[in-house]
There are 2 protein chains.
Amino acid sequence: MRQLPHPDAKDIQLTEVLRVLGDPVRLELVVKLADGRELSCSSAGDDLDIHKSTLSHHYRALREAGVTRTRLNGRERMLSLRRDDLDARFPGLINSILTAAHPA
Amino acid sequence: MRQLPHPDAKDIQLTEVLRVLGDPVRLELVVKLADGRELSCSSAGDDLDIHKSTLSHHYRALREAGVTRTRLNGRERMLSLRRDDLDARFPGLINSILTAAHPA
DNA sequence: TCCATTGTTTGACAACCATCCAACTATAAG
DNA sequence: CTTATAGTTGGATGGTTGTCAAACAATGGA
């Protein structure tokens, strides 16, 4: 498995995006990726008191919904937000969600 | 029961809104309310092939999440989208969701 | 008063979900 | 080669969810 499967941008489903983001843990993870950085799985979840396997399931849900992209990098997996793809498909959506979620 | 309980605008939670809208049936219902009309429960669900009790549960979920308002009117219940409240709390969110969901 | 209409509630049920734990894979480092 | 690191996978579990069906409540009309 050299690469992880990601849905094409055109196949990203709105209800899937909303469903996946309708979980506090996953929304928090996405907020952490909002600034465009790539984060490893461990650094993305390091201040959440959640078992690593649970986080792994969340990462998969986010990836399969098309919300995040996962890049293999040695023994790490770098997560990033698929902002361009999401913006192209659902203009303004991610922005307004992140604005709403951002405590500042 | 003269009035149904609705959350205050300030108590509407983002994850609840996203979770509730992350269901195809409920999203469809909200799309139908997008133009600002009030719809009775039966007219809102008349072209969906779903049992009326199931729809009733969806209506409650939408109302309790703060997405819709339900007004008692005789033996009907009139549904409407709480667009102002949602817009005030999460600027642009409902708009971008409706735009994304709109088939045209 | 009786009946039709509108919608809710309760129960049942299968499916799904978030979580933890233990075992596993794969890569990097020594 | 051996060990440590980064994540995943599969099982188990308890809780939630979407659905239908049947019974119920409330209103309006005949």
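Since we're looking at a predicted model, the values are computed, not measured. Here is how names work: the chains are called A, B, and so on, in the same order as the sequence lines, proteins then strands, and each is numbered from 1.
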Which whole-number value in Å describes the distance from [X] [atom1] to [N] [atom2]?
X	N	atom1	atom2	answer
B:Met78	D:dT27	CE	P	17 Å
A:Glu28	C:dA18	CD	C1'	17 Å
B:Asn73	D:dA26	CG	P	17 Å
A:Leu55	C:dT19	CG	C1'	11 Å
B:Asp46	C:dT6	CG	P	11 Å
B:Gln3	D:dA26	CD	C1'	15 Å
B:Leu72	C:dG7	CG	C1'	11 Å
B:Leu62	C:dT8	CG	P	12 Å

Using distance alone, with no hydrogens and no angle criterion, decide if B:Ser40 and B:Ser43 have a side-chain donor and acceptor under 3.5 Å apart.
yes
Kindly write out the residues that satisfy salt bridge (charged side-chain N to carboxylate O under 4.0 Å, His left out) with [X], not counting sequence neighbours, or none if the list is empty.
X	answer
B:Arg19	B:Glu16
B:Asp8	B:Lys10
A:Arg75	none
B:Glu28	none

Using residues 50-57 of chain B as the side-chain source, report each donor-acceptor pair under 3.5 Å to any protein atom, sequence neighbours left out, with the distance given to one decimal.
from: B:His51; atom 1: ND1; to: B:Ser53; atom 2: N; distance (Å): 3.1
from: B:His51; atom 1: ND1; to: B:Ser53; atom 2: OG; distance (Å): 3.0

Can you sort out which residues in residues 37-45 of chain B have a heavy atom within less than 4.0 Å of DNA chain C? Ascending by number, please.
B:Ser40, B:Cys41, B:Ser42
Applying side-chain hydrogen bond (donor to acceptor under 3.5 Å, both in side chains) to B:Asp84 and not counting sequence neighbours gives none
Under 3.5 Å between N/O atoms: give me all the protein pairs with nucleotides 18-24 of chain D, atom names plus distance.
from: D:dG18; atom 1: OP1; to: B:Arg26; atom 2: NH2; distance (Å): 2.8
from: D:dG18; atom 1: OP2; to: B:Arg26; atom 2: NH1; distance (Å): 3.2
from: D:dT19; atom 1: OP2; to: B:His58; atom 2: NE2; distance (Å): 2.5
from: D:dC20; atom 1: OP2; to: B:His51; atom 2: N; distance (Å): 2.8
from: D:dC20; atom 1: OP2; to: B:Thr54; atom 2: OG1; distance (Å): 3.1
from: D:dA21; atom 1: N7; to: B:Ser53; atom 2: OG; distance (Å): 3.4
from: D:dA21; atom 1: N6; to: B:Ser53; atom 2: OG; distance (Å): 2.9

Qualifying salt bridge (Lys or Arg N to Asp or Glu O under 4.0 Å) pairs with a residue from residues 39-49 of chain A, counting only residues at least two apart or across chains
A:Lys32-A:Asp46, A:Lys32-A:Asp47
Would you mind telling me which residue lines up with the more 5' stretch of DNA chain D, A:Arg75 or A:Tyr59, judged by nearest nucleotide?
A:Arg75
So do B:His58 and B:Cys41 actually touch side chain to side chain, heavy atoms under 4.5 Å?
no
So, is B:Arg77 close to the D:dA26 phosphate, meaning a side-chain N or O under 4.0 Å from OP1 or OP2?
no
